[in-house]
Amino acid sequence: QVQLVESGGGLVQPGGSLRLSCAASGTKTSLDIMGWYRQTAGKERDLVAYMTTGGVTEYADSVKGRFTISRDNSKNTVYLQMNSLEPEDTAVYYCNAEEILYMTISNKYWGQGTRVTVSS
């Protein structure tokens with residue numbers, strides 16, 4: 001069973017930076033898509049960024065130019081470098097991975113979440 005473990009969250013002042021990490025275990029091959037979502041209490045989870053095994057990336061408009069996603073495929077680890085953090089970035093950040101099996105059939109995995117608080 002694939003498991004995702006996040007780390008790196010915490011409290012940071014506006015304008016500061018954090019680097020989140022997510023390590024996947026339980027798989028012998030690279031996960032097709034790995035990325036990050038975030039969720040605020042009472043709201044749905046929103047995509048922050050993702051990266052495919054081949055290096056294709058996608059970012060939410062709200063984080064473009066500030067956040068950078070990267071992967072170490074040999075270690076099945078994904079990172080999120082967050083710069084110029086704003087109070088609006090405060091949320092629980094969840095690591096997500098998708099293993100495509102066939103057409104629209106896939107396995108999806110979630111980490112336990114790591115809290116990011118941006119406040120002065």
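What you see below is based on every heavy atom in this structure, not just the backbone, and it leaves out hydrogens, waters and symmetry mates.
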Engineer: Could you report the tightest heavy-atom contact between Leu80 and Ala49, atom names first, then the distance?
Structural biologist: CD1-CB, 4.4 Å
Engineer: Kindly give the heavy-atom pair with the smallest separation between Gly8 and Leu18, and that separation in Å.
Structural biologist: O-CD2, 3.8 Å
Engineer: Is the shortest heavy-atom distance from the side chain of Val2 to the side chain of Asn107 under 4.5 Å?
Structural biologist: no
Engineer: For Val63 and Val48, which heavy atoms make the closest approach, and how far apart are they?
Structural biologist: CG2-O, 3.6 Å
Engineer: Just checking, Arg45 and Tyr94: is the charged tip under 6.0 Å from the six-membered ring centre and within 45° of the axis?
Structural biologist: yes
Engineer: For Arg66 versus Leu85, what's the shortest heavy-atom pair and its separation?
Structural biologist: NH1-CA, 3.9 Å
Engineer: Kindly say whether the aromatic ring centers of Phe67 and Trp36 come within a distance under 6.0 Å.
Structural biologist: no
Engineer: Evaluate the side-chain proximity of Met82 to Tyr93: yes if any heavy-atom separation is below 4.5 Å, no if none is.
Structural biologist: yes
Engineer: Which residues pass the side-chain contact (heavy atoms from CB on, under 4.5 Å) test with Ala24, not counting sequence neighbours?
Structural biologist: Leu4, Leu31, Met34, Asn76
Engineer: Do Val116 and Val5 land in one hydrophobic cluster if side-chain heavy atoms of ILVMFWY residues count as linked below 4.5 Å?
Structural biologist: no
Engineer: Would Met51 and Ile100 show up in the same hydrophobic cluster when neighbours are defined by side-chain heavy atoms closer than 4.5 Å?
Structural biologist: no
Engineer: Scan side-chain atoms only and decide if Asn83 and Ser17 contain a donor-acceptor pair under the 3.5 Å cut-off.
Structural biologist: yes
